[in-house]
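Every chain is numbered from 1 and lettered A, B, ... according to where its sequence line falls, protein lines coming before strand lines.
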Amino acid sequence: MEYNFREIEKKWQQLWKERGTYKVEIDPSRPKFYVLDMFPYPSGAGLHVGHPLGYIASDIYSRYKRLCGFNVLHPMGYDAFGLPAEQYAIQTGQHPAVTTAQNIKRYGEQLQLMGFSYDTSREINTSQPEYYRWTQWAFLKMFDSYYCNDKQQARPISELIAAFEQNGTQGLNVACTNELSFTADQWKAMDEHKKADILHNYRIAFQGDTMVNWCEALGTVLANDEVINGFSERGGHPVVQKKMKQWQLRVTAYADRLLAGLDTIDWSDSLKEIQRNWIGRSEGAQVFFDIDGLDEKMEIFTTRPDTIFGATFMVIAPEHELVDKLTTPENAAAVADYLEQTKKRSERERIADAKRVSGVFTGGHCINPFNGRKIPIFISDYVLAGYGTGAIMAVPAHDSRDYAFAKHFGLPIIPVVEGGDLSVESYDAKEGKLINSEFLNGLDVKEAIQKMFAEIESRGLGKKRVNYRLRDAIFSRQRYWGEPFPIYYKDGIATPLREDQLPLELPPIDDFRPTEKGEPPLARAKNWCTPEGYPYETSTMPGFAGSSAYYLRYMDPHNDKGLVSRKADEYWRSVDLYLGGIEHATGHLIYSRFWNKFLYDLGYVVEDEPFRKLVNQGMIQGRSNFVYRISGTNKFVSFGLKEQYDTQPIHVDVNIVNNDILDLDAFRAWRPEFATAEFILEDGKYVCGWAVEKMSKSMFNVVNPDQIIEKYGADTFRMYEMFLGPLEQSKPWDTKGIDGAHKFLKRFWRLFTQREGNFMISDEKATPAELKTLHKTIKKVTEDIANFSFNTAVSAFMICLNELGDCNKREILDPLTRLLHPFAPHITEELWTSALGHETSIFDAKMPAFDPDHLVENSFEYPVSFNGKLRFKKELPLGIPNSEIEKAVLADDNAAKYLDGKTPKKIIIVPGKIINIVI
RNA sequence: GCGGACAUGGCGUAAUUGGUAGCCGCGCUAGACUUAGGAUCUAGUGCCGUAAGGCGUGGGGGUUCGAGUCCCUUUGUCCGCACCA
């Protein structure tokens, strides 16, 4: 009986569906385990072989945990709002909802083919009102909250209003955009507009002016992580800086907790490091400098207050608010000119000539508060408006950027730390003795920094302060295909809807472009206003909104009373294993943690961190094939001979190439222009060249899982993807090699059917050797799954079959089938019921237990070839003490010769063998 | 520039975590069965050498009885951040 994978896989996928095999419910009698994949954005191209890598790994883990007795939640869904569907709609007029639904259907079919154990009754789709209602709900909660630094917690905004009425801003320690100061009376005297404005300064979801990444081609703003080197992540369009009023989320309020939380979760060090860098915490001092001739002070941030005696000038960002006041009439023209110049330079250009020094003198001066010296104030775009206070004290002797600036403008350079050669470059190191610094002289840098913190505070010049690189998340997009904000404008004041008015559904429109006035497409919607006629917000939420709390929704996907019920949340708690790509390190994985912590503060969820363990699967790249056309002809020369001709490489569809050998007929049929192609072969074959590239249609290197499954079956596909290499590693897809995995399954099948061609299982007792092989495999595979080392687990199965020969004993095959099930669910399910005769699904079986008794080595050998002098091989029974082994070694003739009368210093013994004898 | 990861046969990789380097698979070679095989099975396959033997984990150095593994140095590849004060 042949291994008919097509029939078997179809049969079981059907049965699983009918029986609802993978449906899970809360079950307090069993421990829970939550395994989640980062849900896909359903693109029009469908899945290629790279996408399922993580899904296969998580499915293996889910099934394994289930077989270990856990109640496993393993859901899947779709991140369905997003730019590509909208871009497609602009081009074709097709409503994004329509194309998205089509794509989801296609994805669902493809996923189904791979035999995943998803509870499909929990499937979610972020673009459906039943789902995004809760995204809007969370937004309302954020709008209605501020962050209290003392309590380290989000609190209702009403508390803050009460505090303002009592004491104004007196004694306030809360997260805010700008430090404001007013009394209770002033607060009470403000009108509604003013109060609303002030509150935006404190809300966790708030509106405010900010420099944004504006993408003209897409007609929308983008978050920092959506911009790559000045181009949009999606589409690769240029992005410029622009000041705009935008909805934002006060992620910065959580910076410290986001940082601290990293120590409590089981993520890779490299990923944690990326997040730490992204948050970019730095300790320093806020210092106020007097401005010569002005009443105001210049606030700066520095991590090196110890170098303040070396500050020979100040630099402010072009966008700094004091620019106008500082500029003296004689410098006005030059300053205006410079500002004009920097405005024109896009972010990209600024990055491109990061090394070019540019700047202009304002004419204004600051007074160094420690030595009273007057120092000039410059404007330069190397100081960023968005970081710190947008102003710095420049210490050219100990900061390379300040050094370059000082050299360029001929400014004085005063060393204040010993070391380095200032004629060549600045000395940036954080070590050495202080000089030229009055009371700091002789101190070590680290001591001096601490001393200065104290001095600055005691002299009332400023405070010790922590600064973050992390910015508040810009939360609005001038686009159609996203969640509408549950906000309307009453007399121009942003007003939230009530919770019972949710969801605010996305209205239908038929033209998806921005309006002529440059408003977002939603402005085209008819009656986009409340029943009273107040207009709704026309921008929509960004891509990360819907994916920030989706893991909570899976716990209780049909609840219409809340995002997740307390009961479901208390049972499922948080994701135990999260699988996905590293590309979400600074986007989704930050926002989700923020979102979860916010809900935690409000008491809606019980866990502070959403993803306990996270594994980043590598990316699967494409392996492109090339043919070599002899220039100006329709003749193609095989790879090995191409040097003899003048050729051009041409991408060829990898699906008509097998093991780098071109299928000539298929090639001629591929495209009309190749119908008459001629070939120069080597050894009768046309060998193609190859290269590793991104998997994409234009490279003709997309391998479709459907085709692989059609040819080899899902079980083979699953095993082969795992066998390809370590899960975390990126690697090119190469179909060649899949035969090995397929051969393994055929051999496995044959063990059950080898005699007569029908299933035939022997009830004979297994030999010790067979048991040893079985238990060795159980041990290895179990450990490998726990370590996410699926490639070595697959190897272990192959070794197991090599060792078993044609053993068809139940005592071996029954546990082996269970062990293999997570990897190859269809074939094992079939064999479990048909060949082994079990009545219940193998998915409800138990993982075989590993018994160390069967692993006992039966002999101790010491084949040693040491320095080419000592050679012997003896067998000793295992389990004897080391002293006995040593005695046996000393009694050996060859060893005696080698030792030549000397006593060995040490005999190095590891289980099963002697490694070395040291004289 | 800063931070991180990696480097092993023709290829993907493995190595009990400091203990016989190259497991498993692909590919290749030879053979068996077969009308045929892109099926199956057997044997071989790191490199040089007929062999004995020698050499081998990017290069150089070190620690150790012993290093793919640890340390220093160097080269190369990939990734993250990038004027972050």
Counting heavy atoms from C-beta on, name the nucleotide in [options] closest to the side chain of [X].
X	options	result
Met798(A)	A85(B), C24(B), C26(B)	C24(B)
Phe301(A)	C24(B), A85(B), A82(B)	A85(B)
Arg469(A)	A14(B), A82(B), G3(B)	A82(B)
Ser795(A)	C24(B), G3(B), A85(B)	C24(B)

Ionic contact status for [Y] with [X], cut-off 4.0 Å:
X	Y	value
Lys772(A)	Glu803(A)	no
Asp256(A)	Arg281(A)	yes
Asp263(A)	Arg276(A)	yes

In whole Å, what is the span from the [atom1] atom of [X] to the [atom2] atom of [N]?
X	N	atom1	atom2	value
Ile274(A)	A82(B)	CD1	P	12 Å
Leu745(A)	G25(B)	CG	C1'	13 Å
Asp269(A)	C6(B)	CG	P	11 Å
Leu53(A)	G12(B)	CG	P	17 Å
Tyr468(A)	C81(B)	OH	P	20 Å
Ile799(A)	A14(B)	CD1	C1'	9 Å
Gln621(A)	U77(B)	CD	P	16 Å
Gln729(A)	A5(B)	CD	P	15 Å

Counting only side-chain nitrogens and oxygens, does [X] get under 4.0 Å of the OP1 or OP2 atom of [N]?
X	N	result
Ser270(A)	G80(B)	no
Arg276(A)	C81(B)	no
Asn791(A)	C24(B)	no

Using Watson-Crick or G-U wobble geometry with both distances under 3.5 Å, which nucleotide pairs with [N]?
N	result
U29(B)	A43(B)
U35(B)	none
C83(B)	none
C65(B)	G19(B)
U77(B)	A5(B)

Heavy atoms only, 4.0 Å cut-off, all strands: where does [X] land among base, sugar-phosphate and nothing?
X	result
Pro726(A)	sugar-phosphate
Asn802(A)	sugar-phosphate
Ser730(A)	nothing

Verify the ring-centre separation between [Y] and [X]: is it less than 6.0 angstrom?
X	Y	value
His742(A)	Tyr720(A)	no
Phe797(A)	Phe748(A)	no
Phe378(A)	Phe409(A)	yes

Distance check, [atom1] atoms only: [N] and [M], in whole angstrom units.
N	M	atom1	answer
A21(B)	U69(B)	C1'	11 Å
U8(B)	G46(B)	C1'	10 Å
C48(B)	U42(B)	P	28 Å
G80(B)	C11(B)	C1'	29 Å
U57(B)	G9(B)	P	10 Å
G44(B)	C26(B)	P	16 Å
G62(B)	G53(B)	P	29 Å
G68(B)	G56(B)	P	11 Å

Assigned glycosidic conformation for G9(B) [threshold 90° from 0]: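 Classified syn.
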
U17(B) glycosidic torsion: syn (within 90° of 0) vs anti: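 Syn conformation for U17(B).
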
Sub-4.5 Å side-chain heavy-atom contact between Leu724(A) and Met719(A):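 Not in contact.
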
5' priority, RNA chain B, between Trp278(A) and Ala385(A) [closest heavy atom]: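 Closer to the 5' end of RNA chain B: Trp278(A).
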
Most 5' of Val794(A) and Ser789(A) on RNA chain B, judged by nearest nucleotide: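 Between the two, 5'-proximity favours Ser789(A).
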
Side chain to side chain contact (heavy atoms under 4.5 Å, CB included) involving Lys407(A) - partner list, sequence neighbours excluded: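 Once residues adjacent in sequence are excluded, the partners of Lys407(A) under the side chain to side chain contact (heavy atoms under 4.5 Å, CB included) criterion are Tyr403(A), Ile413(A).
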
Side chain to side chain contact (heavy atoms under 4.5 Å, CB included) partners for Glu425(A), two or more places apart: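 In terms of side chain to side chain contact (heavy atoms under 4.5 Å, CB included), with neighbours along the sequence ignored, Glu425(A) is linked to no residue.
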
Check: Ile785(A) main-chain N/O paired with Ser789(A) side-chain donor or acceptor under 3.5 Å: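 It does not hold such a pair.
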
Heavy-atom protein contacts under 4.0 Å, nucleotides 35-41 of chain B, coded B base, S sugar-phosphate only, - none: ---BSSS

